[in-house]
Peer 1: 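Sending over a structure as structure tokens; questions will come in a sec.
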Amino acid sequence: MPELPEVETIRRDLSASILGKTFVGVTLNWPRMVQIPSPQAFEQLLKGKTIAGLDRRGKYLIFRLSSGESLILHFGMSGSLLLNPQNQANLHIRAIFRLDDGSRLYLRDPRKLGGIWLVEDENRLDRISRLGPEALDPRLTAEAFVSGAKGHSAPIKAVLLDQSFIAGVGNMYADEALFAARIHPTRRANSLSDEELTRLFHQIRRILEAAIDCCGASISDYRRPDGQPGTAQFVFKVAHRLSEPCPACATPIERIPIRQRGSYFCPNCQHKS
DNA sequence: CACTTTGTTTCCAC
DNA sequence: TGTGGAAACAAAGT
């Protein structure tokens, strides 16, 4: 699941082992992933370029190349990057990047929702430039989050998932943060008090940081680059726990759709008003 | 077999 | 123009 903790986990896991390495080839099993340039030109354009940095913007993983260009990866639910995978039976491999030290980066994307971009300036890529402030960026203040949220009449859960409002909060983590802040997911953002929104802001940060410490969540089949699962799902209190007792009050966890996404919450701890 | 799961784009109403 | 809402996309697990 390419929510921030998974992407951030990949970035941290991979950085030390691929920085300074040079691309020598690419195999594309799903050419439609490559958005810019054409799949035919992609390999030639990438070949010979060295990975100078590994970064993240929202749910996008960004390879900074020595040429000044950026190789941008985005993969759908359960997608991940595997470094020299031992288990070749782990399929849904859409691209294989070969590096000059003989190692290989496998891009898994079972849902084929991902994309690959090679661009001179990522800020000119609409989907990057339209991202809102990073949830964990220290420059994002609670005050800015609160005032921004008050400009929306949509359900607070929908606002948290809006990447142009705040980047990096995925569905599961939005549910966990709302539970921790004791806020019902359908409440309109502009109906929340300053105190509630401030509480929510700090819980978002706490939840994301905790999930990164757990190396991401493997509720689906997400795997870290070394093939190991994350463990964040074991500390989830409501996400994907339909009908299980609320850890705070034992009321069964409920699920409702918001923006066609499953939203798990405790109807007792998270009041509607 | 219908439903859920994921994030983003696209389309429509206001 | 922008905001809210929903369908569509794709594929696999339950």
Side-chain angles (χ1 to χ4, degrees), chain A residues 1-10 28-36 56-62 72-81 89-95 107-117 122 125-132 134-135 147-177 185-192 204 208 211 216-223 229-230 232-233 236 238-244 253-265:
Chain A
M1 306 179 182
E3 312 193 28
L4 189 149
E6 282 74 8
V7 179
E8 182 64 9
T9 294
I10 290 171
L28 288 172
N29 297 330
W30 185 244
R32 276 171 52 186
M33 284 199 92
V34 179
Q35 312 285 330
I36 301 169
R56 175 185 63 74
R57 284 288 304 280
K59 304 173 186 180
Y60 294 83
L61 191 63
I62 301 181
I72 302 172
L73 267 53
H74 182 254
F75 22 86
M77 179 181 74
S78 77
S80 59
L81 275 173
N90 210 350
L91 297 180
H92 311 300
I93 304 298
R94 307 306 177 194
L107 173 56
R108 291 187 62 228
D109 181 26
R111 304 296 186 268
K112 290 183 177 175
L113 282 172
I116 300 173
W117 295 261
E122 78 233 25
L125 199 60
D126 281 351
R127 58 171 66 209
I128 297 292
S129 65
R130 286 200 294 251
L131 291 173
E134 298 282 335
S147 65
K150 291 196 161 188
H152 289 269
S153 65
I156 183 61
K157 171 73 182 288
V159 174
L160 292 185
L161 295 181
D162 179 354
Q163 301 298 297
S164 67
F165 173 68
I166 185 168
V169 183
N171 193 36
M172 303 181 294
Y173 303 109
D175 281 353
E176 290 299 308
T186 63
R187 287 188 60 194
R188 303 274 155 179
N190 58 10
S191 78
L192 297 169
I204 289 170
L208 290 179
S218 294
I219 276 185
S220 185
D221 56 357
Y222 165 74
R223 290 297 179 275
Q233 69 275 18
F236 283 171
V238 293
H240 294 266
R241 296 192 180 279
L242 178 63
S243 300
E244 293 183 30
I253 300 301
E254 293 185 6
R255 177 196 173 279
I256 55 172
I258 298 176
R259 291 290 198 274
Q260 342 297 4
R261 297 290 168 260
S263 296
Y264 298 85
F265 65 100

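In the text below, chain A, chain B and the rest are named by the order of the sequence lines, each starting its count at 1.
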Peer 1: Check this one for me: any side-chain N or O of A:R130 less than 4.0 Å away from OP1 or OP2 of B:dT9?
Peer 2: yes

Peer 1: Considering just the side-chain nitrogens and oxygens of A:R255, establish if one lies under 4.0 Å of OP1 or OP2 belonging to B:dT5.
Peer 2: yes

Peer 1: Assess whether one donor atom and one acceptor atom, taken from the side chain of A:R261 and the base of B:dG7, lie less than 3.5 Å apart.
Peer 2: yes

Peer 1: Taking atom P of C:dG13 as reference, at what distance in whole Å does atom NZ of A:K112 sit?
Peer 2: 14 Å

Peer 1: Check every strand shown and say whether A:G170 touches a base, only sugar-phosphate, or nothing at a heavy-atom separation below 4.0 Å.
Peer 2: sugar-phosphate

Peer 1: I need the NE2-C1' distance between A:H74 and B:dG7, as an integer number of Å.
Peer 2: 6 Å

Peer 1: May I ask you to decide if A:I128's main-chain N or O and A:E122's side chain share a donor-acceptor pair within less than 3.5 Å?
Peer 2: no

Peer 1: Over all strands shown, is A:Y264 touching base, sugar-phosphate only, or nothing at heavy-atom distances under 4.0 angstrom?
Peer 2: sugar-phosphate

Peer 1: With a non-hydrogen cut-off below 4.0 angstrom, is A:R94 in contact with a base, only sugar-phosphate, or nothing?
Peer 2: nothing

Peer 1: Establish, with yes or no, whether the OP1 or OP2 oxygen of C:dG4 is under 4.0 angstrom from a side-chain nitrogen or oxygen of A:H152.
Peer 2: yes

Peer 1: Send over the distance from A:D109 CG to C:dC9 P, rounded to a whole Å.
Peer 2: 17 Å

Peer 1: Check whether any side-chain N or O of A:R108 sits under 4.0 Å from OP1 or OP2 of C:dA11, and answer yes or no.
Peer 2: no

Peer 1: Would A:E134 and A:R56 pass as an ion pair if we require N to O under 4.0 Å?
Peer 2: yes

Peer 1: State, with a plain yes or no, whether a side-chain heavy atom of A:S243 is found less than 4.5 Å away from one of A:I253.
Peer 2: no

Peer 1: In whole Å, what is the span from the CZ atom of A:F165 to the C1' atom of B:dT8?
Peer 2: 19 Å

Peer 1: Between A:H240 and C:dG13, is there a contact of a side-chain N or O with OP1 or OP2 at under 4.0 Å?
Peer 2: no

Peer 1: Rounded to whole Å, how long is the line connecting atom CD1 of A:I166 with atom P of B:dT8?
Peer 2: 14 Å

Peer 1: In this structure, how many angstroms lie between the P atom of B:dG7 and the CG atom of A:N171, rounded?
Peer 2: 6 Å

Peer 1: Would you say A:N171 and A:K157 make side-chain contact, with heavy atoms under 4.5 Å?
Peer 2: yes

Peer 1: Would you mind reading off the distance between A:I72 atom CD1 and B:dT8 atom C1', rounded to a whole angstrom?
Peer 2: 15 Å

Peer 1: When all nucleic acid strands are considered with a 4.0 Å heavy-atom cut-off, which category describes A:Y60: base, sugar-phosphate, or nothing?
Peer 2: sugar-phosphate

Peer 1: Any base atoms under 4.0 Å from A:P155, or only sugar-phosphate, or nothing? Heavy atoms, all strands.
Peer 2: sugar-phosphate

Peer 1: Looking only at heavy atoms, which two atoms of A:L107 and A:M33 are closest? And how far apart?
Peer 2: CD2-CE, 3.7 Å

Peer 1: Pick the nucleotide of DNA chain C nearest each of A:D162 and A:W30; which residue has the one closer to the 5' end?
Peer 2: A:D162

Peer 1: Which label fits A:H152 and A:F165: parallel for a plane angle under 30°, tilted from 30 to 60°, or perpendicular past 60°?
Peer 2: perpendicular

Peer 1: Provide, to the nearest angstrom, the distance between the CZ atom belonging to A:R259 and the C1' atom belonging to C:dA7.
Peer 2: 13 Å

Peer 1: Please tell me if A:Q260 has a side-chain N or O lying less than 4.0 Å from either OP1 or OP2 of C:dA7.
Peer 2: yes

